[in-house]
Protein chains: 2
Amino acid sequence: MSYIRLVFTLDLFGDKKTGMMRNTLRRLPLYAQIKSVLIRRIVDGEWQANQALPSEWELAAELDVSQGTVRKALGELVTQGVLYRRQGRGTFVAEVASDWGAGYLVTPGLLNEKPDELVLELLGCSRGNAPDEVAQVLGLRRGAPVIRVRQLWRLSGLAVALDDAYLPAEPFDGLDARSIRQCGGGVYVTLQRRFGVRLRVTGEQLRAVMLGREDAAMLGVAPDQPVLSQLRVSATMEGEPLEWRQRICLTDSLAFTTGRQP
Amino acid sequence: MSYIRLVFTLDLFGDKKTGMMRNTLRRLPLYAQIKSVLIRRIVDGEWQANQALPSEWELAAELDVSQGTVRKALGELVTQGVLYRRQGRGTFVAEVASDWGAGYLVTPGLLNEKPDELVLELLGCSRGNAPDEVAQVLGLRRGAPVIRVRQLWRLSGLAVALDDAYLPAEPFDGLDARSIRQCGGGVYVTLQRRFGVRLRVTGEQLRAVMLGREDAAMLGVAPDQPVLSQLRVSATMEGEPLEWRQRICLTDSLAFTTGRQP
DNA sequence: CAGTGGTCTAGACCACTCG
DNA sequence: GAGTGGTCTAGACCACTGA
């Protein structure tokens with residue numbers, strides 16, 4: 001519409017008349033640029049969770065690309081879990097990912113797909129220095145200031161998992177137990193609402209270890225039993241790692257499935 | 001070209017002239033039907049592993065659909081891991097999935113992406129009756145005849161995992177230790193080569209358990225240590241479950257990552 | 001250089017949802 | 001019935017590969 005918008009569009013997308021990108025300007029495919037624009041606008045709060053985006057045709061007109069290109073961009077965001085689609089209704093912003101992450105707990109045996117009803121409980125939020133491993137993964141200097149968040153997961157009252165998350169302190173100045181509780185207890189929800197940062201899981205490792213005395217006390221179970229140790233790194237949509245998290249998960253009565261919740 | 005081909009095409013795809021499917025004939029989208037045709041031809045051995053398919057345009061002409069539709073079908077098969085693409089070269093049939101499956105072992109810490117060099121060793125292949133859980137998952141009657149395959153995984157000589165796989169005996173009559181060894185020791189490779197069945201993992205569960213005495217002996221390690229217990233069900237491309245597999249995985253020096261190998 | 005996958009457009013119709 | 005996502009086509013150009 002405006003001059004600003006016109007300049008912006010030309011700069012970002014190149015020559016539209018031909019339907020092709022100018023080679024000199026080309027960095028990313030059009031649909032990838034559309035993705036970035038949409039992510040930016042979602043993170044900036046232009047559309048809230050479970051709210052519908054403009055239709056594919058409206059977005060196409062607004063962004064001055066074809067509907068197919070918008071569709072491709074939306075499709076990738078759906079795959080990434082940022083959006084979801086409902087035929088005949090529209091495209092919607094997904095809820096921020098749960099702190100639990102992909103996968104879910106089910107009764108062992110692979111048939112009963114009982115979705116979990118996990119309850120998250122914040123144990124504490126403190127400041128400290130980054131352990132070497134955390135610093136390395138998050139790209140911080142040794143001993144850099146970090147925020148440590150400890151959480152407990154309960155399934156129908158019983159403790160089933162214990163989380164230990166580290167975030168760089170610098171970009172998250174106001175993050176404390178109160179603000180996390182205010183947002184419902186989840187780190188990801190809090191980062192989204194308070195800092196406009198939307199994280200996604202980028203790496204995960206699993207091991208079987210013996211439950212230590214301290215963790216056992218936190219969980220209220222006997223020590224010296226085998227537990228699933230889950231290591232996870234999450235990053236911004238742009239790929240910058242911002243969270244290192246370790247989880248101890250009891251799997252004596254529940255099994256951990258990989259993949260998304262159905 | 002021929003009469004047979006014409007009838008086949010019309011029956012399968014409906015009215016091509018309009019570019020739309022006739023409502024009366026419609027069951028699946030065109031691209032999904034193309035997928036089925038391609039899977040059939042791949043499983044039938046029309047193209048071998050790492051061999052190029054005809055180009056998208058050739059397939060489009062042959063199947064009497066547009067290149068875009070072929071592309072969408074190929075794209076989903078790439079996502080499923082059946083095919084892979086190389087820009088400027090072509091679309092190729094992927095190797096049959098390894099018995100190891102998705103995920104891989106790495107040194108703990110999430111940074112070193114050292115791909116594994118796992119060696120598979122066949123311990124035995126015997127016939128027996130399906131345990132109840134296996135029968136239930138595979139849709140067999142209680143005590144139905146099954147084939148049990150035991151395998152050992154080694155990483156630079158050291159045993160790291162122990163597999164216990166069950167398959168229904170009926171469709172796999174000639175399957176024995178000799179034929180599996182002949183195909184390199186993998187169950188999936190053997191099923192593909194000898195029976196034209198291509199399996200894909202459809203479900204996976206993980207738990208932490210204590211290593212039992214017998215399994216410890218098989219692995220040549222001390223019992224009473226925590227190990228990762230992995231339960232997996234695999235099915236044909238059409239979705240019929242055909243394999244139940246349990247794995248014991250040592251994770252004291254190696255961590256198990258989720259997701260595909262990079 | 002020819003051939004391949006990768007991107008993009010414009011236009012069309014279908015299937016679903018909801019008022 | 002209007003509006004949305006879902007599918008399909010035809011045609012074009014780009015970027016990469018390998019002979």
Side-chain angles (χ1 to χ4, degrees), chain A residues 9 12-36 38 47 50-79 83-94, chain B residues 9 12-36 38 47 50-79 83-94:
Chain A
T9 302
L12 186 58
F13 299 146
D15 188 355
K16 289 318 172 13
K17 296 292 176 283
T18 68
M20 283 290 104
M21 279 159 294
R22 280 205 291 266
N23 206 359
T24 51
L25 282 178
R26 185 183 209 290
R27 294 180 192 280
L28 282 173
L30 243 192
Y31 74 89
Q33 298 177 40
I34 302 290
K35 262 180 66 177
S36 301
L38 293 176
W47 308 293
N50 296 312
Q51 194 178 340
L53 270 63
S55 75
E56 295 178 352
W57 283 101
E58 285 171 355
L59 284 173
E62 181 187 347
L63 297 167
D64 196 17
V65 299
S66 76
Q67 174 261 358
T69 301
V70 169
R71 186 170 179 74
K72 178 148 187 175
L74 293 177
E76 296 214 345
L77 292 174
V78 168
T79 302
L83 303 174
Y84 61 94
R85 286 198 265 230
R86 290 290 175 267
Q87 173 160 162
R89 294 186 54 202
T91 304
F92 304 83
V93 178
Chain B
T9 303
L12 186 56
F13 299 144
D15 188 355
K16 289 320 173 11
K17 297 294 177 282
T18 69
M20 284 290 103
M21 280 158 293
R22 280 203 290 267
N23 206 356
T24 52
L25 282 178
R26 185 183 211 288
R27 292 180 193 282
L28 282 174
L30 243 192
Y31 74 87
Q33 298 178 39
I34 302 287
K35 260 180 70 176
S36 301
L38 293 176
W47 309 292
N50 297 312
Q51 193 178 340
L53 269 63
S55 77
E56 294 178 353
W57 284 100
E58 283 171 357
L59 283 174
E62 181 188 348
L63 298 167
D64 198 15
V65 298
S66 76
Q67 175 259 359
T69 301
V70 169
R71 185 168 179 75
K72 177 149 187 172
L74 293 177
E76 296 215 345
L77 292 174
V78 168
T79 301
L83 302 175
Y84 62 95
R85 286 199 263 230
R86 291 289 175 270
Q87 174 163 162
R89 295 186 53 201
T91 304
F92 304 83
V93 179

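Below, read A as the first sequence line, B as the second, and so on, with proteins coming before strands; counting in each chain starts at 1.
Taking only side-chain nitrogens and oxygens, Tyr31(B) never comes nearer than 4.0 Å to OP1 or OP2 of dC8(D). Between Lys72(A) and dC8(C) there is no side-chain N or O to OP1 or OP2 distance below 4.0 Å. Distances shorter than 4.0 Å separate some side-chain N or O of Thr91(B) from OP1 or OP2 on dG5(C). Between Arg85(A) and dG6(D) there is a side-chain polar atom (N or O) within less than 4.0 angstrom of OP1 or OP2. For dG6(D), one of the phosphate oxygens OP1 or OP2 lies less than 4.0 angstrom from a side-chain nitrogen or oxygen of Arg71(A). Contact annotation: Arg89(B) side-chain N/O to dC16(D) OP1/OP2 distance is not under 4.0 Å.
Rounded to whole Å, the distance from CZ on Phe92(A) to C1' on dG3(D) is 12 Å. Computed from coordinates, the Leu28(B) CG to dC14(C) C1' distance equals 15 Å when rounded to whole Å. What separates CD of Gln33(B) from P of dG6(D) is a distance of 19 Å, to the nearest Å. Between the P atom of dC8(C) and the NZ atom of Lys35(A) lies a distance of 12 Å, rounded to the nearest Å. With rounding to whole Å, Leu63(B) atom CG is found 11 Å from dT9(D) atom P. Across the protein-nucleic acid pair, Leu83(A) atom CG and dG6(D) atom C1' stand 16 Å apart, rounded to whole Å. Gln67(A) places its CD atom 10 Å from the C1' atom of dT9(C), with the value rounded to the nearest Å. Atom CG in Leu30(A) sits about 15 Å away from atom C1' in dA12(D), given to the nearest Å.
Under the salt bridge (charged side-chain N to carboxylate O under 4.0 Å, His left out) criterion, the residue pairs touching residues 69-79 of chain A are Lys35(A)-Glu76(A), Glu56(A)-Arg71(A), with sequence neighbours excluded.
The residue among Gly88(A) and Trp57(A) whose nearest nucleotide of DNA chain C lies closer to the 5′ end is Trp57(A).
Here the side chain of Gln33(A) pairs a donor or acceptor atom with the backbone of Leu28(A) at under 3.5 angstrom.
With a 4.5 Å cut-off on side-chain heavy atoms, Leu38(B) and Val70(B) do not count as touching. Side-chain contact between Thr91(A) and Trp47(A) is absent, with no heavy atoms from C-beta onward closer than 4.5 Å.
Taking the side chain of Ser55(B) as heavy atoms from C-beta on, and the options dG11(D), dT4(C), dT7(C), the nearest nucleotide is dT4(C). Ranking dA15(C), dC8(D), dA15(D) by closeness to the Gln87(A) side chain, first place goes to dA15(C). Considering only the side chain of Ser66(A), dT9(C) comes nearest among dT4(C), dT9(C), dT4(D). For Thr69(B), the listed nucleotide lying nearest its side chain is dT9(D); candidates were dT9(D), dT4(D), dT9(C).
For the ring pair (Phe, Tyr, Trp, His ring centres under 6.0 Å) test, residues two or more places apart in sequence or in another chain that qualify with Phe92(A) are Tyr84(A).
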